[in-house]
Protein chains: 2
Amino acid sequence: MDAADKTRLNQRATLLKSLAHPSRLLMMEMLEERPRCVSELTEAVGADITTVSKHLAILKRAGLVKDVKRGTYSDYELVCGCVSHFIDCIEQGRSGQEVCVAGSAATSPRQEKQIEH
Amino acid sequence: MDAADKTRLNQRATLLKSLAHPSRLLMMEMLEERPRCVSELTEAVGADITTVSKHLAILKRAGLVKDVKRGTYSDYELVCGCVSHFIDCIEQGRSGQEVCVAGSAATSPRQEKQIEH
DNA sequence: AGTATTATTGGCGATATGGCCAACAATGTC
DNA sequence: GACATTGTTGGCCATATCGCCAATAATACT
């Protein structure tokens, strides 16, 4: 494994980490519907607004969301709307769920249907 | 957000967390190629075998891999072979990369009710 | 100007995660 | 049985993450 591989794995791990929190997942799902300001997300999450603001900074830093200023408000919106969907796919491939076609390789994802919207 | 939602988000966060580590991602990629014993993964990762064993326990607990005993060896294999592929998809949807996979509709989030102005 | 609203940042304690060592368990070999 | 090989588990320490409070910034309103 060379240095480039190491960097790639680290970046990918960072991306996944940025998603790996229930509050951030909730926010991502809410943003899939439409853009929201911090207060609206804060109410849904049920945490302190400073906590939510920091969560959003993490998502932003990962390139998953972007913010648009509107007066004193910060509206956040997704950069790409299909993230949760792919998590669905990962979820479905685990043990306990029998949707996985035996022997499928990484290069041939098992169900196109799951990729489309 | 009801209790079921909260549980779902927690489970999903746990799943992502279990993937969100460079060593575990490397192992997942190696296992996409073929099953491997702990020693082989340990050599590739370059960490202590006890560390790798614990990483594998995390992946196993998440339902991403399963182990098959073979003498004193533990061979690990993927439960579903296509996890990395979906991470590719998430990666491609971030800012900096304009392409959103599968012609997703989510590129233009609806603008509805926002808070005040 | 003064006040209110919205959001961000710094800091701190609590908790979780990661990595190695030591010890142990299980199997195979002599 | 004695020993080697392969893995797992418990423990400990270092580091990272999380969540709230206090302070600050930026805009809007009167």
- Task: Go through the steps for Glu29(B) and Arg24(B) under the test salt bridge (Lys or Arg N to Asp or Glu O under 4.0 Å), then give the verdict.
- Result: CA-CA 9 Å; Glu29(B) 289 183 3; Arg24(B) 295 197 287 269; over 6 Å; no
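Residue Thr50(A) is classed as a base contact, given a heavy-atom separation below 4.0 Å to a base. When heavy atoms are screened at a 4.0 angstrom cut-off, Lys17(B) is found touching the sugar-phosphate backbone but no base atom. Residue contacts shown for Thr51(A) include a base, since a base heavy atom lies under 4.0 Å away. Using a 4.0 Å heavy-atom criterion, one finds that Arg70(B) contacts no nucleic acid atom at all.
Residue Thr72(A) places no side-chain N or O under 4.0 Å from the OP1 or OP2 atom of dA4(C). OP1 or OP2 of dT8(D) lies within a sub-4.0 Å distance of a side-chain N or O belonging to Ser53(B). At dT8(D), none of the side-chain N or O atoms of Tyr73(B) fall inside 4.0 Å of OP1 or OP2 (strictly under the cut-off). Remark: Ser39(B) is in phosphate contact with dG7(D), judged by side-chain N or O atoms under 4.0 Å from OP1 or OP2.
Looking at Lys60(B) and Asp67(B), a side-chain N of the basic residue comes within less than 4.0 Å of a carboxylate O on the acidic one, giving a salt bridge.
Straight-line distance from the CD atom of Glu43(A) to the C1' atom of dT5(C): 15 Å, rounded to whole Å. Rounded to an integer number of Å, the gap from CG of Asp48(B) to C1' of dT9(D) is 13 Å. As rounded to whole Å, 12 Å separates atom C1' of dG18(C) from atom CE of Met27(B). What separates NE2 of His55(B) from P of dC20(C) is a distance of 9 Å, to the nearest Å.
Scanning both residues, Ala44(A) and Met30(A), for their nearest heavy atoms gives CB-SD, 3.4 Å.
Here the nucleotide nearest the side chain of Lys54(A), chosen from dA7(C), dT9(C), dG7(D), is dT9(C). The side chain of Val38(A) has dA7(C) as its nearest neighbour among dG28(C), dC18(D), dA7(C).
In Glu43(B), the CD atom is not crowded: 12 or fewer heavy atoms of neighbouring residues, nucleotides or ligands sit closer than 6.0 Å.
Nearest-nucleotide assignment on DNA chain C puts the 5′-proximal partner with Lys69(A), out of Ile49(B) and Lys69(A).
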